[in-house]
Amino acid sequence: MAINRRDLLIASGGALTAAMAGRALAQEAQGQPLMGNPTLPLPPQQRMGWAVVGLGSFAVGQLMPAFGDANRSRLTALVSGNPEKLARLADTYGVEHTYSYDDYDSIVDNPDIDCVQIALPVGLHAEYTIRALEAGKHVLCEKPMASTSAECEAMIAAARKAGKVLGVGYRVHFEPTNQAALAMIRGDDIGPLRHIRAEHGFQADPENWPPHRWRLEKQLAGGGSMYDIGIYGINTSLMMLEGDAPMSMSAVYAYPKDDPRFREVEGGVDWRITMRSGAVVSGSSSYCYSPYHSKQTYIGAKSSLRMDPATTYYENALWHEHGGRGTQIPAGAPYTQFAGQVDAFSEAARAGRPHATPGEMGYRDIRLIEMAYRSADQGGAPVSLEGI
Ligand code: NAD
């Protein structure tokens, strides 16, 4: 027998009547208060507005997507010298304001921009940071902070004069695996750190990867592998040695001197820092390593930590080595470091307090690299780091 739509409605109506009779006994559906006091994202209009300057591989691949995960920051402006790329990315991300490098200074008139992220080649960091500060914006400048320590001083002075927050993009401080390592070092299991080994490098490939071209030109790069990749070993090791202070440094150049890639900048440095506590950090930095190296080992008096890789975007891993065994320590997803960094900077800027990785930290690291070069220029003679 065919069942038509009317029969079905009548049948379901009977079921509905029965359900409604039962409902008199059941609890009424009603809204509860917000449970667990969750941290909610800020509504878009209350978030800090960001301009990204320089739409290269890092900005497009890592920084801009991070705003999709951010809770306290929104992307409001883009700055680039390439009009087609600018229009396409602005359209894709729904970004209202676009600027060329020529009209960059007019960001001063835009109240939708609170913070500026500088993602240009290193040789342009100081100029574009200072112009943004003079336009009354807070600045998060990519690492390494600048080409020279004198440029870093000028950037810090400009931030003080403008009364704005200046930070350096040391994303590793916001990366969960490194945060887990730091928590273990602060705890009881590792004991005082005695030795840190830091190995960072890759094969510079200007023929096949255009972003490596400016990295080999001194005017745009500031320096060689130490500026680009070795800085992770220095900065991350000192993060784990909080409360300690670097006292002396020695370094030697370690790369083939006849390699035409390294006419302007160094291709590799092996370095060693002695800390006030007696701990030693020994590192290597290279544009001649295969495969990509990003390794940190923290040897403590009681047990040790090994990170391999240690400072990548997505794959960091941490092992606790103790009693002849290695136990992998779980941590949150590494990719959250980008949104974590941008939101932490937004909060620091809103409160007018220093960012976790301030300009002064970027300045310290450039001075340490300058000292590594000074020692290497003298064939590895130790140089004092007192006052750095
Ligand atoms: P990239 O070459 O991919 O991008 C550089 C951008 O700057 C390009 O869009 C380019 O068009 C623009 N630009 C403007 N003027 C230029 C000039 N005169 N010469 C060359 N390019 C010019 O480089 P990238 O890898 O995106 O690096 C950009 C910055 O980000 C650097 O400071 C780098 O150290 C930093 N970075 C940081 C991380 C990190 O993990 N924090 C990773 C990679 C790069």
Side-chain angles (χ1 to χ4, degrees), residues 51-66 78-86 88-90 98-102 104 116-129 131 139-147 151-152 155 167-175 178 200-202 204-206 208-236 239 264-265 285 287 292 294 309-316 334-342 344-345 355-357 361-362 365-366 369:
V52 174
V53 184
L55 308 180
S57 50
F58 185 61
V60 175
Q62 318 304 330
L63 295 176
M64 292 172 58
L78 299 175
V79 183
S80 168
N82 181 322
E84 291 84 46
K85 181 172 65 177
L86 194 55
R88 185 164 167 210
L89 288 170
T98 57
Y99 298 86
S100 71
Y101 296 120
D102 292 334
Y104 175 57
V116 171
Q117 167 98 40
I118 306 293
L120 291 163
V122 184
L124 299 167
H125 285 185
E127 181 193 333
Y128 282 82
T129 293
R131 283 166 67 182
V139 179
L140 182 63
C141 178
E142 257 321 308
K143 51 56 64 181
M145 183 170 169
S147 293
E151 285 185 351
C152 298
M155 294 158 83
V168 176
Y170 288 126
R171 58 178 171 77
V172 175
H173 290 245
F174 303 91
E175 195 280 306
N178 280 275
H200 296 265
F202 57 86
D205 187 6
N208 296 309
W209 182 239
H212 285 179
R213 286 183 200 147
W214 64 259
R215 283 171 167 81
L216 301 176
E217 294 174 29
K218 187 165 171 53
Q219 207 183 356
L220 283 171
S225 74
M226 281 295 272
Y227 270 66
D228 193 59
I229 188 84
I231 195 164
Y232 285 99
I234 289 179
N235 185 267
T236 308
M239 169 170 85
E264 297 190 23
V265 300
S285 164
Y287 276 157
Y292 186 97
S294 165
T311 60
T312 58
Y313 298 152
Y314 307 118
E315 290 151 359
N316 299 333
Y335 78 88
T336 59
Q337 64 192 300
F338 302 106
Q341 172 174 255
V342 101
F345 188 85
H355 181 52
T357 58
M361 182 183 281
D365 293 349
I366 294 296
I369 293 173

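Atoms within each ligand, like the ligands themselves, are counted from 1 in listed order. Sequence positions, counted from 1, serve as the residue numbers for this chain.
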Close side-chain approach of [X] to [Y], heavy-atom, < 4.5 Å:
X    : Y    : value
H125 : E142 : yes
L55  : L86  : yes
V265 : Y227 : no
P65  : Y335 : no
P334 : T312 : no

Looking only at protein heavy atoms, which one is nearest to [atom], and what is the separation?
atom                    : value
atom 33 (C) of ligand 1 : K143 O, 3.7 Å
atom 39 (C) of ligand 1 : Y232 OH, 3.1 Å
atom 8 (C) of ligand 1  : G56 CA, 3.6 Å
atom 40 (O) of ligand 1 : R171 NE, 2.5 Å
atom 24 (P) of ligand 1 : S57 OG, 3.6 Å
atom 19 (N) of ligand 1 : L220 CD1, 3.6 Å
atom 1 (P) of ligand 1  : W214 NE1, 3.7 Å
atom 25 (O) of ligand 1 : R215 NH2, 2.9 Å

Hey, looking at [atom], which of [options] has the closest heavy atom?
atom                    : options               : answer
atom 13 (N) of ligand 1 : A146, G61, P121, G54  : P121
atom 37 (C) of ligand 1 : Q341, E142, K85       : E142
atom 16 (C) of ligand 1 : V172, L124, L120, V79 : L124

Ligand 1 versus [X], non-hydrogen atoms closer than 4.0 Å: side chain, backbone, both, neither?
X    : value
Y170 : neither
H212 : neither
F338 : neither
H125 : side chain
N82  : neither
R213 : neither
F58  : both

Y101 atom OH, over 12 foreign heavy atoms within 6.0 Å: yes
Got a second to check how far K143's NZ is from M361's CE, nearest 0.5 Å? 15.0 Å
Roughly how far, to the nearest 0.5 Å, is OH of Y104 from OH of Y99? 11.0 Å
State if Y128 counts as touching ligand 1 under the rule of any non-hydrogen atom under 4.0 Å. no
Do any heavy atoms of Y227 fall under 4.0 Å from ligand 1? no
Can a side-chain donor-acceptor contact be found between R171 and Q341 if the only test is distance below 3.5 angstrom? no
For E264, which residues count as a salt bridge (charged side-chain N to carboxylate O under 4.0 Å, His left out) partner, sequence neighbours excluded? none
So the atoms of ligand 1 within less than 4.0 Å of a heavy atom of A119 turn out to be 28 (C), 29 (C)
One pair to check against side-chain contact (heavy atoms from CB on, under 4.5 Å): F345 and F174. What are the steps and the verdict? CA-CA 11 Å; F345 188 85; F174 303 91; over 6 Å; no
